[in-house]
Engineer: 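I am attaching a structure below and will ask some questions about it afterwards.
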Amino acid sequence: MELAVPIIVAIISAATPLLLAASGELVVERAGVLNLGIEGMMLMGAMAGFAVTLLTGSHIAGLAAAAAAGMAMALVFAFLTLTLSANQVASGLALTIFGIGLSALIGSAYVGQPVAALPKLDVAGLSDLPVIGPLLFRHDFLIYFSIAMVPVLWWYLNRTRAGLRLRAVGESAEAAHALGHPVIAIRYGACLFGGLMAGLGGAFLSLSYTPMWAESMTAGRGWIALALVVFAAWRPWRLLVGAYLFGGVGIFQLHAQGAWGLPSELFSMLPYVATILVLTVISAGAARSRTFGAPAALGRPFRPSG
Amino acid sequence: MPLRIDRRPDSTAIRVAAPLLAVLLTVGTGFLLFMALGLNPADTLYQFLIAPLLTFYSLTELGVKAAPLALIACGLAVGFRANVWNIGAEGQLTIGAIAAGGVALAFWNEIGWWILPLMLLASILGGMAWASIPAFLKTRFGVNEILTSLMLTYIALLILQMLVFGPWKDPDGFNFPQTRLFSDAALLPVLQEGSRLHPGAIVAVLVALVAWFVMARTVIGFQIGIVGDAPRAARYAGFDARRTTWLAFLVGGGAAGLAGAFEVAGPIGQLVPTLTPGYGFTAIIVAFLGRLNPLGIVAAALLMALTYIGGENAQIVSGLPQAATGVFQGMLLFYLLAADGLLRLRIRRVPATNGKAVTP
């Protein structure tokens, strides 16, 4: 049991950026919008969070900057796809390429600089308990936040009027519009929330996971988060399970390097192979079961008329 | 008289004006961005956009970099027209390069005219094979091709690494992660002494011409467009969406694979862990910037090649990170999409008789 503790803690860390970014994208997609720019928003969040923490010495300012950077990126995407009804796939890809470039350009001044990691919770007594202490009471704010968001999102989507409205917009924008719901405004809100969560997910990487900034440091996590939303069949609780599974695969892959005389690259492929397999199983099942279905209006632009 | 915004129909004028406007806005924003970062904006822009046009060598480099971009983008455009989103061209390129490299290494001691054609053939088949995975999953199980083609890109890059760090590593290479240099029989000739310009550039132009002809003048091209624009109408007309998906992936994968062979048999000359600065992804922007029209794609590829060479220049002269190129590329696509949307809006006065306007 003692041996498993550091591994579980590592899995929690690996899962958190995925969970944060994917929670945001889940809401975006539930509103019927597909934003492929998560990677770009995460990188801008990682860079802005790191830079502002370094400059001000305040983690709160850093996290606020990360959230703002993610939202600013999301706003560009929302303006293109919602106001101008541009193609969502192309806009999302542009957001990723742009975010990789801009974060590298602005961030080049901060490469190799040290920054204090986000402080860990320290509850007298509890945090020092063996096993339970490190597992439950010695994490930083973003880890607790990412987990707390799961029931919050579930409650929002399933138990609130606003959440139902958002889902209605995602299922049929035309019907929601006919009922008088402000489709575009709701989708703007969802996109901004997606940007906020992706920005925080990026900040977790640069302020907690590795505490440092490096070009393209998200290393494809934005794309994994995207796959994760599909894996979770657009359900918050399944997202939590999925994020920890994917985090687990990532950690397993690190520890299994060189095991059994196999090339380490084979293990590095695991998360991607797993994603494809899971997508296939879920998509094959989706034909049969309605519970796995994607939001019906996903990726389709809506043009209000009349 | 209330004002009303609606859309004007697509026109050639917009198709041409939007990219030009996008380029202008990108240059303008780049100026402001560099200024904000404390760089000399005029100087930096000069390095990015003008300096590469001033020497003969960098002009030939324009061809070297535009060739794979145009080749891949032409293949992708077929899919994008049909609403098939293959964004894994980078992986298909990588597998194509591995296939070509495998042939080159297998016949390393041989001399023969047939080695190069065999490499090119292998690369096309390799790219197609890799692209057929998302095509199969999409047509058989309805799996989202955006995600699978992208995941397969990461897997392809890891396969390449596995080979060059492992079994294919150059035995006399001081343990560097790269294969042997290909023998002369497996290398493309250069078109111009003192440059790296290779026949792949000619092939890219030819492919663009053929693609243009097929898309604009044949039934197949028409079918692809219909499946993309009006899937229901296409179904009623008896056009098979599954077949279109397969066609799009095979064409896209084959073109990307071929581009991979041109890279390893041309400028690189061996397999290394990183083959391209993301040509497979940039080609997506190229396809859109070229309006999914093969001839427009050639022009867009040259422009993107310019930003790559400009990025290298700026890296050497101003110490900017190479990735800064992505800022230009991303902005270009943003502005293009925005210009497309904005130019198509039309503000009109409508009579306020019944409150609701009728869309023409």
Side-chain angles (χ1 to χ4, degrees), chain A residues 34 36-37 40 76-77 79-81 83-87 89-109 111 215-216 220 223-224 226-227 230 263-266 268-269 271-276 279-287 294 299 303 305-306, chain B residues 6-7 33 37 80 85 87 133-134 137-138 140-144 146-148 150-155 158-163 165-167 278 281-282 284-285 287-288 311 319-334 336-338 340-342 344-345 356-359:
Chain A
L34 179 67
L36 297 184
V76 174
F77 173 84
F79 178 71
L80 286 172
T81 57
T83 302
L84 298 176
S85 347
N87 181 298
V89 173
S91 305
L93 282 172
L95 198 68
T96 285
I97 293 172
F98 178 73
I100 293 172
L102 189 63
S103 61
L105 183 62
I106 303 177
S108 60
V111 174
E215 237 176 75
S216 299
W223 296 105
I224 300 260
L226 201 68
V230 186
S264 64
E265 289 87 0
L266 278 181
S268 304
M269 286 176 201
Y272 308 111
V273 176
T275 306
I276 294 176
L279 283 174
T280 305
V281 169
I282 284 179
S283 305
R303 290 169 188 155
S305 60
Chain B
D6 57 26
R7 269 152 212 288
L33 179 70
L37 287 173
F80 293 167
W85 297 100
I87 61 170
I133 301 173
L137 293 175
K138 167 89 178 175
R140 180 75 181 77
F141 300 111
V143 187
N144 183 322
I146 296 173
L147 295 171
T148 48
L150 186 85
M151 295 296 134
L152 284 164
T153 294
Y154 289 111
I155 296 173
L158 285 165
I159 292 177
L160 173 67
Q161 275 189 30
M162 192 165 74
L163 291 172
F165 278 91
F281 293 107
T282 311
I284 298 167
I285 300 187
F288 275 96
L320 288 181
Q322 176 85 64
T325 307
V327 176
F328 274 99
Q329 298 179 344
M331 266 196 309
L332 253 179
L333 189 49
F334 282 153
L336 176 76
L337 294 165
D340 249 354
L342 284 174
R344 233 165 260 179
L345 295 180
K356 275 214 166 184
V358 182
T359 318

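Letters A, B, ... mirror the listed sequences (proteins, then strands); counts begin at 1.
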Engineer: Is chain A contacted by the side chain of B:T148, its backbone, both, or neither, given a heavy-atom distance below 4.5 Å?
Structural biologist: both
Engineer: Sort B:I146 into side chain, backbone, both or neither according to what part of it lies under 4.5 angstrom from a heavy atom of chain A.
Structural biologist: side chain
Engineer: Using a cut-off of under 4.5 Å on heavy-atom pairs, state which of A:A90, A:A227, A:A104 scores highest against chain B.
Structural biologist: A:A90
Engineer: Report yes if the side chains of B:M162 and A:L266 come closer than 4.5 Å at any heavy-atom pair, otherwise no.
Structural biologist: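 In contact.
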Engineer: Do you know which of A:V281, A:T280, A:I276, A:V230 makes side chain to side chain contact (heavy atoms under 4.5 Å, CB included) with B:V143?
Structural biologist: A:T280
Engineer: Under a 4.5 Å heavy-atom cut-off, does chain B meet the side chain of A:L102, its backbone, both or neither?
Structural biologist: both
Engineer: Which region of B:L37, side chain (C-beta onward) or backbone (N, CA, C, O), has a non-hydrogen atom less than 4.5 Å from a non-hydrogen atom of chain A, or is it both or neither?
Structural biologist: side chain
Engineer: Is it the backbone or the side chain of B:F165 that comes under 4.5 Å from a heavy atom of chain A, or both, or neither?
Structural biologist: side chain
Engineer: Looking only at non-hydrogen atoms, find the nearest pair between B:V327 and A:G101 and report the distance.
Structural biologist: CG2-C, 3.2 Å
Engineer: I'd like to verify something: which residue of A:V111, A:I100, A:N87 has the highest number of heavy-atom pairs under 4.5 Å with chain B?
Structural biologist: A:N87
Engineer: How long is the span from the CE atom in B:M151 to the OG1 atom in A:T275, to the nearest 0.5 Å?
Structural biologist: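 That separation rounds to 5.0 Å.
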Engineer: On a heavy-atom basis, which atom in B:F141 and which in A:A284 lie closest, and how many Å separate them?
Structural biologist: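 Closest approach of B:F141 to A:A284: CD2-CB, 3.6 Å.
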Engineer: Taking all atoms of both residues into account, what is the closest heavy-atom pair of B:I159 and A:M269, and its distance?
Structural biologist: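 Where B:I159 meets A:M269 most closely, the heavy atoms are CG1-CE, 3.4 Å.
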Engineer: Using heavy-atom distances under 4.5 Å, tell me whether B:F334 contacts chain A through its side chain, its backbone, both, or neither.
Structural biologist: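 Looking at B:F334, backbone and side chain both touch chain A.
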Engineer: Determine, step by step, whether A:L93 and B:I285 satisfy the side chain to side chain contact (heavy atoms under 4.5 Å, CB included) criterion, reporting the C-alpha distance in whole Å, the side-chain angles of both residues, the deciding distance to 0.1 Å, and the verdict.
Structural biologist: CA-CA 8 Å; A:L93 282 172; B:I285 300 187; over 6 Å; no
Engineer: Once you round to the nearest 0.5 Å, how far does CH2 of A:W223 lie from CD1 of B:I87?
Structural biologist: 4.5 Å
Engineer: At a 4.5 Å cut-off on heavy atoms, which part of B:L33 comes close to chain A: side chain, backbone, both, or neither?
Structural biologist: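 For B:L33, the contact with chain A is made by the side chain alone.
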Engineer: For B:L158, is it the side chain, the backbone, both, or neither that has a heavy atom closer than 4.5 Å to a heavy atom of chain A?
Structural biologist: both
Engineer: Is there side-chain contact between B:L147 and A:L226, with at least one heavy-atom pair below 4.5 Å?
Structural biologist: yes
Engineer: Can you label the angle between the A:Y272 ring and the B:Y154 ring as parallel, tilted or perpendicular, going by 30° and 60°?
Structural biologist: parallel
Engineer: Check whether A:L34 gets within reach of chain B through its side chain, its backbone, both or neither, counting any heavy atom under 4.5 Å.
Structural biologist: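 For A:L34, the side chain is the part near chain B, not the backbone.
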Engineer: Let me know if A:S108 has heavy atoms under 4.5 Å from chain B in its side chain, its backbone, both or neither.
Structural biologist: side chain
Engineer: Which bit of A:L279 comes within less than 4.5 Å of chain B, counting heavy atoms only: side chain, backbone, both or neither?
Structural biologist: both
Engineer: Of the listed residues (B:L137, B:T282, B:L150), which shares the most heavy-atom pairs with chain A below a 4.5 Å separation?
Structural biologist: B:L150
Engineer: When heavy-atom pairs shorter than 4.5 Å are enumerated against chain A, which of B:A338, B:G166, B:G278 gives the highest number?
Structural biologist: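 Winner by heavy-atom pair count: B:A338.
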Engineer: Heavy-atom distance under 4.5 Å to chain A: side chain of B:L337, backbone, both or neither?
Structural biologist: both
